[in-house]
Amino acid sequence: SKFTIQNTEKTPQTKKLKTLKTEFSTNAEKNKKRASRSSVSAEKYASFQEKVSRTVFFDNLSPQVSESVLRTAIEQFATVKGVKFIPNYLGPRNLPQCALIELDSSKKVEEVIAMITQYPNMMSGMPRPVRARPAEVEMFDDRPENPNRKIKFCWLDPNDEDFEVTKELKHLTQKHAAEIEYVHKLQLEDEKKLAEQQGASLDMHYKKYKLVDSVITDGTAKHLSRRYNLHGADK
């Protein structure tokens, strides 16, 4: 019938309504997926922050220090869950190392830092005293994306008012890099001098020990004690 035909025809209004319904459904699904991803990201980042609170950052480690050396030293005070050395891609190999050590509890972080502060040479540190402090988020190269942080960037035109500021920041960064390289050079020179002084002091103490040992072994000590009527142990 004519009535049935009129009701089955697809008018422009009907097509538009179906399109709007489809778009609404698609947007709702996208928002739902976005909310789900945001929830997962927030949980992942919260877990990462908890890991950071249990991690200690070690600096000025000798290049000879290995993971086993760190574990042996730190496990006297806390359980070590993981050790990660921070690679130095730009400086020479004889520069001090840095490492992140994950502990089993955030309460142990302050205890380990206090112990390292009191005994800085406990991990093959001669002549490098080890430094320790709580880890920070920026120290982890595998850190997850912060869901509450949005980074925006754009190219600046030379006529832009912020162009000169950005240029100065770039030059300042290069200046800081050159200063750090120079400080590292001075540090290595000072450590070399300190190592020579420690070596000379060790040789002097060894010679004194050999002299005392020889005096006791050849009987000179007993002879002198009888000569001057001194009472000493025979051993």
Side-chain angles (χ1 to χ4, degrees), residues 54-88 90-136 139 179-235:
R54 294 186 285 103
T55 305
V56 183
F57 172 74
F58 284 82
D59 186 19
N60 208 38
L61 292 168
S62 171
Q64 284 74 35
V65 173
S66 61
E67 180 177 344
S68 60
V69 173
L70 287 174
R71 286 184 175 273
T72 302
I74 303 304
E75 285 184 346
Q76 302 177 61
F77 321 106
T79 302
V80 177
K81 304 290 290 185
V83 177
K84 181 178 181 180
F85 285 92
I86 300 178
N88 179 18
L90 302 178
R93 293 185 177 181
N94 57 346
L95 283 177
Q97 294 189 102
C98 302
L100 294 168
I101 299 183
E102 180 186 354
L103 306 179
D104 60 333
S105 171
S106 58
K107 296 180 180 179
K108 294 292 184 179
V109 171
E110 295 298 332
E111 297 180 13
V112 171
I113 293 175
M115 190 60 60
I116 294 298
T117 303
Q118 186 176 0
Y119 303 103
N121 295 313
M122 66 181 300
M123 288 184 293
S124 302
M126 302 298 285
R128 286 191 174 105
V130 179
R131 297 186 293 259
R133 60 188 175 94
E136 299 177 4
M139 296 175 178
E179 291 175 349
I180 291 174
E181 183 179 357
Y182 180 70
V183 170
H184 281 162
K185 181 180 179 181
L186 294 180
Q187 182 180 4
L188 293 176
E189 293 177 355
D190 291 341
E191 290 179 355
K192 183 178 180 181
K193 293 179 181 178
L194 182 58
E196 292 175 353
Q197 294 176 0
Q198 291 174 344
S201 177
L202 182 62
D203 291 339
M204 181 184 65
H205 288 301
Y206 179 74
K207 290 179 180 178
K208 289 181 179 179
Y209 171 79
K210 291 293 293 182
L211 179 61
V212 173
D213 184 66
S214 63
V215 169
I216 295 175
T217 303
D218 62 9
T220 303
K222 291 183 179 180
H223 176 72
L224 292 174
S225 62
R226 289 194 298 266
R227 176 67 178 79
Y228 294 100
N229 195 23
L230 299 175
H231 300 282
D234 294 335
K235 293 182 180 180

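A quick note: this is a predicted structure, and the numbers were derived from the prediction, not measured.
In this structure, V112 and F58 have side chains that are in contact, with non-hydrogen atoms separated by less than 4.5 Å. Annotation: side chain of E136 is not in contact with side chain of F57 (no heavy-atom distance under 4.5 Å). E189 places a side-chain heavy atom less than 4.5 Å from the side chain of L186. Within the 4.5 Å cutoff, the side chain of V69 has no heavy atoms near those of the L61 side chain.
Judged by distance alone, with hydrogens and angles left aside, the side-chain atoms of S201 form no donor-acceptor pair with the main-chain N or O of Q198 at under 3.5 Å. Looking at E196, its side chain never comes within 3.5 Å of a backbone N or O of K193 through a donor-acceptor pair. Under a 3.5 Å cut-off, the side chain of R54 and the backbone N or O of L103 do form a donor-acceptor pair.
For the pairing with V130, the side-chain contact (heavy atoms from CB on, under 4.5 Å) check across N60, I116, T117 returns one residue only, I116. Under the side-chain contact (heavy atoms from CB on, under 4.5 Å) rule, K81 has a single partner from I101, D104, T55, which is D104.
For E75, the CD atom sits in a packed shell: over 12 heavy atoms of surrounding residues, nucleotides or ligands are nearer than 6.0 Å. Y119 OH: 12 or fewer foreign heavy atoms inside a 6.0 Å radius.
For the pair S66 and F85, the tightest heavy-atom approach, listed with the atom from each and the gap, is C-CZ, 3.8 Å. Between S214 and L211, the closest heavy-atom pair is OG-O, 2.7 Å. Here the closest non-hydrogen pair linking P134 and E110 is CG-OE2, 4.2 Å. Heavy-atom minimum distance, S62 versus Q97: O-NE2, 2.9 Å.
Looking at E67 and R71, a side-chain N of the basic residue comes within less than 4.0 Å of a carboxylate O on the acidic one, giving a salt bridge.
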